[in-house]
Protein chains: 2
Amino acid sequence: MTVTLADVAARARVSPATVSRVLNGNYPVATATRERVLRAVDDLDYVLNGPASSLAAATSDLVGVLVHDIADPFFGIMAGAAQSEIGGQEGTGRAGGEKLAVVCNTGGSPERELTYLTLLQRQRAAAVVLTGGAVEDPAHTAAMTAKLGKLAAAGTRIVLCGRPPLPEPDQAVAALAFDNLGGGRRLTEHLVALGHRRIGYIAGPVGRTTTRHRMEGHRAALAAAGLGGGAAEQDRLTVHGPYDRRSGYDAAAELLHREPALTAIVAANDTVALGACAALRDRGLRVPGDVSVAGFDDLPFSADAVPALTTVRLPLVEAGARAGRLAMGREAPPPGGIATVPADLVVRSSTARPPGGG
Amino acid sequence: MTVTLADVAARARVSPATVSRVLNGNYPVATATRERVLRAVDDLDYVLNGPASSLAAATSDLVGVLVHDIADPFFGIMAGAAQSEIGGQEGTGRAGGEKLAVVCNTGGSPERELTYLTLLQRQRAAAVVLTGGAVEDPAHTAAMTAKLGKLAAAGTRIVLCGRPPLPEPDQAVAALAFDNLGGGRRLTEHLVALGHRRIGYIAGPVGRTTTRHRMEGHRAALAAAGLGGGAAEQDRLTVHGPYDRRSGYDAAAELLHREPALTAIVAANDTVALGACAALRDRGLRVPGDVSVAGFDDLPFSADAVPALTTVRLPLVEAGARAGRLAMGREAPPPGGIATVPADLVVRSSTARPPGGG
DNA sequence: ATGAGAGCAGCAAGCGCTTTCTACGCGATA
DNA sequence: TATCGCGTAGAAAGCGCTTGCTGCTCTCAT
């Protein structure tokens, strides 16, 4: 039925051991022998049995990339960049280093995150890349830490991309953390500098590090300008929701309802910001004429929106690629295992001075 | 070091065979025994060794989902929908049916498509879902057909989603083909009905089925209205490019250069259409006041664009989910193994009657 | 009471590969 | 000429799991 190593060995008139060595290329094999084996492989159309190989070698060439939402370009871009570093090298022929990068979609669910990690652990994955913010639930954090510790102990390399380091930093875990706090602060500082005083905030889902950090940056900027207000006031001008367009639309409407004199809205990300713009437009308000709007991430479509979105640029491609290299062990981990990825303000045309004020 | 089945068996005071059977749940085991085993599993924190299991059982729980560009929501949406059907069922506990859906990013490269297929074949994947258009190169088509045939022969289920059936239909391959031709035709018919006579076409990359079918639909509509012109004229009003925003921007500029009197532009997809809109805007042309623009796919952001995009709706979530179920063998394949997914015209505000005419 | 049969658990033979250790042949060295 | 060592190939022992088959222990009908 299926062709096995032994079949190839028989045809090449060598032992299975030799075939294995030719295929793995980490043992001296005479050129003539090698060629004979390679020819037999081609003739027989032999395909290595992955499970058998992984079992015997106690390692596999699977690398998992976990994302919250595969339909969101924020994750797609990072995952794509990581994957091209992992399974990428075209034309490398049958040379090593080729790994199978697989992206797993958790849908933002903690359970599925854990489930995928177990599945990856089952497969004895060579590495795991976790992208996006972490869920801030003590129980889940503990479970994740334990699971990741076990994976690391089993030799699986762990890389966090766009996610803060674990509470108890592990040597074996590299973290590429986005400067969400700094980015959020700079964004709101920009708005404040333009003269805005009543700024609504559309936050991401509750209980996510990304949500919290961006919001803390926003509030820090407000506080620094003496615009903090009380906790109650802050909450009044904040609406939480998922990272999608619809959420932005609804939240903007809600904010306008709570505070009709709003002159600016800061959104948790670009997609949400675009939803907010739509809501504003539907109410006859102009952006940025009546209300300024800002996003976060600087996804490709943000530059093309009308008006072009003021946002915070996150180098997703670079970060994803670096995470991929880290996962492959092709790049030295940053000192302390932790690196901060910059988040720079990008001013475009969706923000301007407030109508009367300024 | 790592806990094995034998360790669990020892602790539960049963044979390894019994533990295996409890875990796989496909053999009668007395309740008391089962519970003892389950307790031992928990106590020891046992995690099945996937490769060993796959080797012994000659099957694996990996399902591959191939996409051209993971950063493109068109693929992200389909892949996410498929994945939720494959690895989804929350709370199913340790019950079967749980598979590891992994998405592989080919970047549109034929070589990588083949490479991933081989990697999946290595892993003895349970199923493979291929999304998006196929590359129309005889050599590649032959290679793919051969490879898919081998996979199918090895028991891997194959599902094509948004891709036409193989040249020589295989019983084991299910295909969910998008009605790109019909959608393209209806879209252009709409433009013609509005009174447009000089319509530019921004096509996708050369040599892809999707590109060709959409374009053929466009040209069929033109021909039916007696607007076909000669082949040379058709080519003059057609520009090819990748499926990205930049390509749309450049192509629109080029079309305008070739035919300044253009009153409408049909783009290969929504992203490209948005790029075209940006180019038009930058030249001081209004959409749809001066030039109408239409896209394809109806991605989420299309409804939010300004102006909202007239496009062709593809039920990506439904198609992806169905592909997932097909891959799991949870849904009967369509008659003949082929089903056509409808592509309906969605008229919004980016198209209107041409300026002077109509 | 006894034989048949159902229900459940164990034995042991692999699944296809990797890798350690051993063996062989040959040119170089003494 | 005898010895050593290098380069290369083979033998064989698993890696951890699944599963066909065997066999034990009860229960139930005769």
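The model shown is predicted, which means the values in this text are computed figures rather than measured ones. All chains are named by letter (A, B, ...) in the order of the sequence lines, taking the proteins before the strands, and each is independently numbered beginning at 1.
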Would you please confirm or rule out a distance under 4.0 Å between OP1 or OP2 of C:dC17 and any side-chain N or O of A:Ser53? no
Rounded to 10 degrees, the angle between the two terminal axes of the helix from C:dA1-D:dT30 to C:dA30-D:dT1, each from five pairs: 50°
More 5' along DNA chain D: A:Pro16 or B:Pro16, using each one's nearest nucleotide? A:Pro16
Range on DNA chain D touched by chain B - first to last nucleotide, heavy-atom distance under 4.0 Å: D:dG16 to D:dC21
Going through the distances and angles, do B:Val37 and B:Val29 end up as a side chain to side chain contact (heavy atoms under 4.5 Å, CB included)? CA-CA 10 Å; B:Val37 170; B:Val29 173; over 6 Å; no
Considering heavy-atom distances to DNA chain C, does A:Tyr46 or B:Val29 have its closest nucleotide positioned more toward the 5' end? B:Val29
If the test is side chain to side chain donor-acceptor pair (under 3.5 Å), which one of A:His68, A:His140, A:Lys147 qualifies with A:Glu113? A:His140
Under the salt bridge (charged side-chain N to carboxylate O under 4.0 Å, His left out) test, residues paired with A:Arg322 that sit two or more places apart: A:Glu331
Assign each of B:Asn26 and B:Leu55 to its nearest nucleotide of DNA chain D by heavy atoms, then name whichever residue's nucleotide is nearer the 5' end. B:Leu55
Using OP1 and OP2 only, check whether a side-chain N or O of A:Ser20 sits under 4.0 Å from C:dC17. no
Residue whose closest nucleotide on DNA chain C lies nearer the 5' end, B:Ala56 versus B:Arg36: B:Arg36
Whether the side chain of B:Asn24 engages the backbone of B:Asn26 through a donor-acceptor N/O pair (distance < 3.5 Å, no angle test) should be reported. no
Sequence-distant partners of A:Arg36, salt bridge (charged side-chain N to carboxylate O under 4.0 Å, His left out), two or more places apart: none
Okay, side chain of A:Ser20, backbone of A:Pro16: is any donor-acceptor separation there less than 3.5 Å? no
To the nearest angstrom, the CD-P distance between B:Glu35 and C:dA9 comes to 12 Å
Can you measure from OH (B:Tyr27) to OG1 (B:Thr18) and round to the nearest 0.5 angstrom? 8.5 Å
Report yes if the side chains of A:Asp7 and A:Thr4 come closer than 4.5 Å at any heavy-atom pair, otherwise no. yes
Does B:Thr131 use its side chain to pair, donor to acceptor, with the backbone of B:Leu66 at less than 3.5 Å? yes
Select base, sugar-phosphate, or nothing to describe what A:Ser54 touches, counting heavy atoms under 4.0 Å on all strands. nothing
Name the pairs: protein N/O against N/O of nucleotides 20-28 of chain C, kept only if under 3.5 Å.
from: C:dT20; atom 1: O4; to: A:Arg21; atom 2: NH1; distance (Å): 3.2

Less than 4.0 angstrom between a side-chain N/O of B:Thr18 and OP1 or OP2 of C:dG10, yes or no? yes
With sequence neighbours left out, what residues match B:Asp43 under salt bridge (charged side-chain N to carboxylate O under 4.0 Å, His left out)? B:Arg11
Check: B:Arg112 main-chain N/O paired with B:Thr106 side-chain donor or acceptor under 3.5 Å: no
